[in-house]
There are 2 protein chains.
Amino acid sequence: MALLAAVGHPQRLRVIAGLSAGRVHVSELARRLGMSRPLLYLHLERLEKAGLVTGDLELSPDGKAMKYFELVPFDVHLTVDVVLAALRADEQEGLNDVQETPR
Amino acid sequence: MALLAAVGHPQRLRVIAGLSAGRVHVSELARRLGMSRPLLYLHLERLEKAGLVTGDLELSPDGKAMKYFELVPFDVHLTVDVVLAALRADEQEGLNDVQETPR
DNA sequence: CCCACCTGTCAGTCTCTACTTACAGGTGAA
DNA sequence: TTCACCTGTAAGTAGAGACTGACAGGTGGG
């Protein structure tokens, strides 16, 4: 569900494409795609929640912090049953949210 | 691409779910899902363009016009390559749009 | 010290689209 | 004729979320 929503946006598809070549750090990727860094963060966040990419903060040899992202290989079989399951899962999640809020 | 965008919206997933039981006409479906008819039209239109559902206007035995919709069985393999292909196709489409406008 | 890199996050703006209300038309039955 | 169904579309109105600019912080090198 989060996955379907994540993949349903052209800009995010471009991010996926940008990562398909290999791991890149955020600033570099932003330059390549010609999009602002905060915006890229936003999309990366959603893609990460959907389980499509992984972020990894590491220190480069010269001591600078670099956040590298890379694609998680995925192969989703999209059928009616998958859609129904996603809907049900979403309803459940909604219920849990209500239950979990109190502490 | 249109497909990915179409499936990336909760409300449209509900429409798919509503049709999973079998063919229904628009007004009836709107009642079942508890959504306004014009809104349902909008979503059905997008789903139809994405090739996920088919509409069929027919006359019921008592002569009333009824628009029946039904699901088109689909099974999309969602992988990185599919995403890249969708992006390329979209760029092509964009170019054509520009070319076709003058006339 | 200042400059060039990098990571993060927040508070706004602005655009797109989801959504509603309201209309026009057509049929059959009481 | 009026009522209860149906299809379709053209407005306009919220509202979500995409997007920007500006900030704070941290490192290495000239």
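Chain identifiers are assigned alphabetically (A, B, ...) following the order of the sequence lines, protein sequences preceding nucleic acid strands; residue numbering begins at 1 within each chain. Given the structure is predicted, the values throughout are model-derived calculations rather than measurements. Excluded from the calculations below are hydrogen atoms, water molecules and symmetry mates; all remaining heavy atoms, backbone and side chain alike, are included.
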Partner of A/Glu58 under salt bridge (Lys or Arg N to Asp or Glu O under 4.0 Å), chosen from A/Lys67, A/Arg23, A/Lys64: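 When salt bridge (Lys or Arg N to Asp or Glu O under 4.0 Å) is applied between A/Glu58 and each of A/Lys67, A/Arg23, A/Lys64, only A/Arg23 qualifies.
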
Could you tell me whether the phosphate oxygens of [N], OP1 or OP2, come under 4.0 Å of any side-chain nitrogen or oxygen in [X]?
X       : N      : result
A/Gln11 : D/dC19 : yes
A/Arg12 : D/dA18 : yes
B/Ser27 : D/dT7  : yes
B/Ser36 : C/dC19 : no
B/His25 : D/dC6  : yes
A/His43 : D/dG17 : no

To the nearest Å, give me how far apart [atom1] ([X]) and [atom2] ([N]) are.
X       : N      : atom1 : atom2 : answer
A/Arg14 : D/dA18 : CZ    : P     : 15 Å
B/Leu44 : C/dT17 : CG    : P     : 18 Å
B/His9  : D/dG15 : NE2   : C1'   : 12 Å
B/Glu58 : C/dT27 : CD    : C1'   : 16 Å
B/Asp56 : D/dC6  : CG    : P     : 17 Å
A/Leu42 : D/dC19 : CG    : P     : 9 Å
A/Glu28 : C/dA4  : CD    : C1'   : 15 Å
B/Leu29 : D/dT7  : CG    : P     : 10 Å

Checking contacts here: which listed nucleotide ([options]) is nearest the side-chain heavy atoms of [X]?
X       : options               : value
A/Tyr41 : C/dG28, D/dA18, C/dT7 : C/dT7
A/Leu39 : C/dC19, D/dT20, D/dT7 : D/dT20
A/Pro38 : D/dA22, D/dT7, C/dT20 : D/dA22
B/Leu57 : C/dT20, D/dG8, C/dC19 : D/dG8

Parallel, tilted or perpendicular: rings of A/His43 and A/His9 (30°, 60°): tilted

Sugar-phosphate, base or nothing in reach of A/Leu59, heavy atoms under 4.0 Å: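 No contact.
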
Sugar-phosphate only, base, or nothing, as touched by B/Lys67 at under 4.0 Å among non-hydrogen atoms: sugar-phosphate

Side-chain heavy atoms of B/Val72 within contact of B/Leu52, under 4.5 Å: no

N/O donor-acceptor pair under 3.5 Å between A/Arg14 side chain and B/Leu87 backbone: no

side-chain hydrogen bond (donor to acceptor under 3.5 Å, both in side chains) evaluation trace for A/Asp62 with A/Ser60: CA-CA 5 Å; A/Asp62 56 342; A/Ser60 64; 2.4 Å; yes

Whichever of A/Arg46 and A/Ala65 has its nearest DNA chain D nucleotide further upstream toward 5': A/Arg46

Residue closer to the 5' end of DNA chain D, B/Arg31 versus B/Glu45 (nearest nucleotide):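 Nearest nucleotide further toward 5': that of B/Arg31.
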
Shortest non-hydrogen contact from A/Val24 toward A/Leu19: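 Closest approach of A/Val24 to A/Leu19: CG2-CD2, 4.1 Å.
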
